[in-house]
Participant: 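Okay, here's the structure, questions in a sec.
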Amino acid sequence: PEVRTFTERAHFQLSAAAFALGTATSISNGYGAGLGLWYRATTRLGIGALIVGPLLGARYRSSNGNASLRQELGQLRATFNLLAPGRLEIGPVLAAGAYHLQAQGEVDAPFAARTAAAWSFAGSGGVEGRLQLSGSVSLNAAVHGLLLTPKPVLAVDTASEELGQPLLLASLGLGVAF
């Protein structure tokens, strides 16, 4: 039965989702979209790649000025379905990849605004779920804790803020299996 279930299922899924990335610090959330491609290696194990960004809207506010943030994320992921094959899948996910942060300063004179960027390794773990809506379309949702190293630091004049650990990455979207 497991072989029959595996051969009847589509092995690839292309997904598009809305993402939110937040931290427990004074930096506001960033929002954007992402695309993922998944391969179903077995009836329970899936591996894939995800590109998210740009995530916009995040801001760092200090008494000396502000900074607008632009964030991108690329990861390779593996997930394991804990439920028996069916319409609903849910399980843990582990991922590793790269995170990019670009900050644009906004300060009053006599200060000069600057733009800076940083790259970090991004590791994450979380829970993902899929609900089959029809034969090939699914509703996908995920929540991840994201760890960065080295930790990016935002600075405006003498005020600075390290991106809190872990960051929270949440998504909701649709997938099409083929």
Side-chain angles (χ1 to χ4, degrees), residues 12-41 44-62 66-83 88-106 114-131 138-156 159-175:
F12 290 93
Q13 183 183 66
L14 182 63
S15 62
F19 283 81
L21 180 63
T23 178
T25 64
S26 60
I27 300 166
S28 62
N29 295 339
Y31 302 95
L35 291 174
L37 179 63
W38 296 92
Y39 173 70
R40 172 81 51 190
R44 293 190 184 255
L45 178 66
I47 54 175
L50 176 72
I51 296 186
V52 178
L55 298 170
L56 303 173
R59 296 181 61 77
Y60 168 60
R61 291 178 170 72
S62 75
N66 302 319
S68 298
L69 294 112
R70 175 188 168 120
Q71 303 167 86
E72 289 95 12
L73 176 69
Q75 288 187 313
L76 297 176
R77 293 181 169 192
T79 185
F80 186 81
N81 179 22
L82 296 174
L83 303 177
L88 179 63
E89 297 179 8
I90 191 164
V93 62
L94 293 175
Y99 168 84
H100 180 252
L101 170 70
Q102 180 177 334
Q104 171 67 48
E106 302 163 2
R114 290 187 24 193
T115 299
W119 285 91
S120 296
F121 170 81
S124 69
V127 176
E128 292 193 350
R130 281 190 184 83
L131 175 62
S138 64
L139 178 65
N140 305 330
V143 177
H144 294 256
L146 186 68
L147 299 173
L148 306 175
T149 187
K151 296 177 186 177
V153 177
L154 298 169
V156 176
S160 66
E161 182 82 38
E162 189 175 79
L163 258 64
Q165 301 285 337
L167 281 75
L168 185 64
L169 181 66
S171 65
L172 181 62
L174 292 174

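Every heavy atom of this structure was used, including side-chain atoms; hydrogens, water molecules and symmetry mates were not.
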Participant: Taking all atoms of both residues into account, what is the closest heavy-atom pair of V153 and S160, and its distance?
Facilitator: CG1-CB, 4.1 Å
Participant: Donor-acceptor check, side chain of S28 to backbone of R59, threshold 3.5 angstrom: yes or no?
Facilitator: yes
Participant: Quick one, L148 and L167 - any side-chain contact, counting heavy atoms below 4.5 Å?
Facilitator: yes
Participant: With a 4.5 Å cut-off on side-chain heavy atoms, are V143 and L169 touching?
Facilitator: no
Participant: Which pair of non-hydrogen atoms, one from Q71 and one from G30, has the smallest distance, and what is that distance?
Facilitator: NE2-CA, 4.2 Å
Participant: By ring pair (Phe, Tyr, Trp, His ring centres under 6.0 Å), which residues pair with F12, not counting sequence neighbours?
Facilitator: Y39, F178
Participant: Is a donor on one side and an acceptor on the other found under 3.5 Å between the side chain of R40 and the backbone of G46?
Facilitator: no
Participant: What are the two closest heavy atoms between G22 and N29, and how far apart are they?
Facilitator: CA-OD1, 3.1 Å
Participant: Would you list the atom pairs, donor with acceptor, under 3.5 Å between side chains in residues 116-124 and any protein atom, with sequence neighbours excluded?
Facilitator:
residue : atom : partner : partner atom : Å
S120    : OG   : P150    : O            : 2.6
S124    : OG   : Q75     : NE2          : 3.3

Participant: Is the backbone N or O of E89 less than 3.5 Å from a side-chain atom of N81, with the two atoms forming a donor-acceptor pair by type?
Facilitator: no
Participant: Mind checking the CD1-CD spacing from I27 to E162? Nearest 0.5 Å is all I need.
Facilitator: 9.5 Å
Participant: Rounded to the nearest 0.5 Å, how far apart are CG of L69 and CG of L154?
Facilitator: 5.0 Å
Participant: Should T149 and Y99 be marked as a side chain to side chain contact (heavy atoms under 4.5 Å, CB included) after you check the CA-CA gap, both sets of side-chain angles, and the distance that decides it?
Facilitator: CA-CA 9 Å; T149 187; Y99 168 84; over 6 Å; no
Participant: For E128, which residues count as a salt bridge (charged side-chain N to carboxylate O under 4.0 Å, His left out) partner, sequence neighbours excluded?
Facilitator: R77
Participant: Walk me through it: do L139 and R130 pass the test side chain to side chain contact (heavy atoms under 4.5 Å, CB included)?
Facilitator: CA-CA 6 Å; L139 178 65; R130 281 190 184 83; over 6 Å; no
Participant: Less than 4.5 Å apart, side chain to side chain, heavy atoms only: is that true for E106 and N66?
Facilitator: yes
Participant: Within this structure, what is the CZ-CG distance for the pair F19 and L172, rounded to the nearest 0.5 Å?
Facilitator: 10.0 Å
Participant: To the nearest 0.5 Å, what is the distance between OG on S171 and CG on L21?
Facilitator: 11.5 Å
Participant: Tell me, do N140 and Q13 make a side-chain contact under 4.5 Å, heavy atoms counted?
Facilitator: yes
Participant: I want to check something: taking the side chain as every heavy atom from C-beta on, are I90 and V127 in contact at a cut-off of under 4.5 Å?
Facilitator: yes
Participant: Given side chain to side chain contact (heavy atoms under 4.5 Å, CB included), test T79 with W38 step by step and report yes or no.
Facilitator: CA-CA 10 Å; T79 185; W38 296 92; 4.2 Å; yes
Participant: Can Q104 and R114 be said to form a side-chain hydrogen bond (donor to acceptor under 3.5 Å, both in side chains), step by step?
Facilitator: CA-CA 6 Å; Q104 171 67 48; R114 290 187 24 193; over 6 Å; no
Participant: Any side-chain heavy-atom pair from T23 and L168 closer than 4.5 angstrom?
Facilitator: no
Participant: Less than 3.5 Å apart, any donor N or O on the side chain of E161 or S26 sitting next to an acceptor on the other?
Facilitator: yes
Participant: Could you measure the distance from the CG atom of L174 to the OG atom of S138? Nearest 0.5 Å is fine.
Facilitator: 7.5 Å
Participant: Measuring only between side-chain heavy atoms, which start at C-beta, is P166 closer than 4.5 Å to L146?
Facilitator: no
Participant: With a 4.5 Å cut-off on side-chain heavy atoms, are I47 and L76 touching?
Facilitator: no
Participant: Tell me, yes or no, whether the heavy-atom count around L82 atom CG, taken from other residues, nucleotides or ligands under 6.0 Å, exceeds 12.
Facilitator: yes
Participant: NE2/H100 to CG/L55 distance, rounded to the nearest 0.5 angstrom?
Facilitator: 12.5 Å
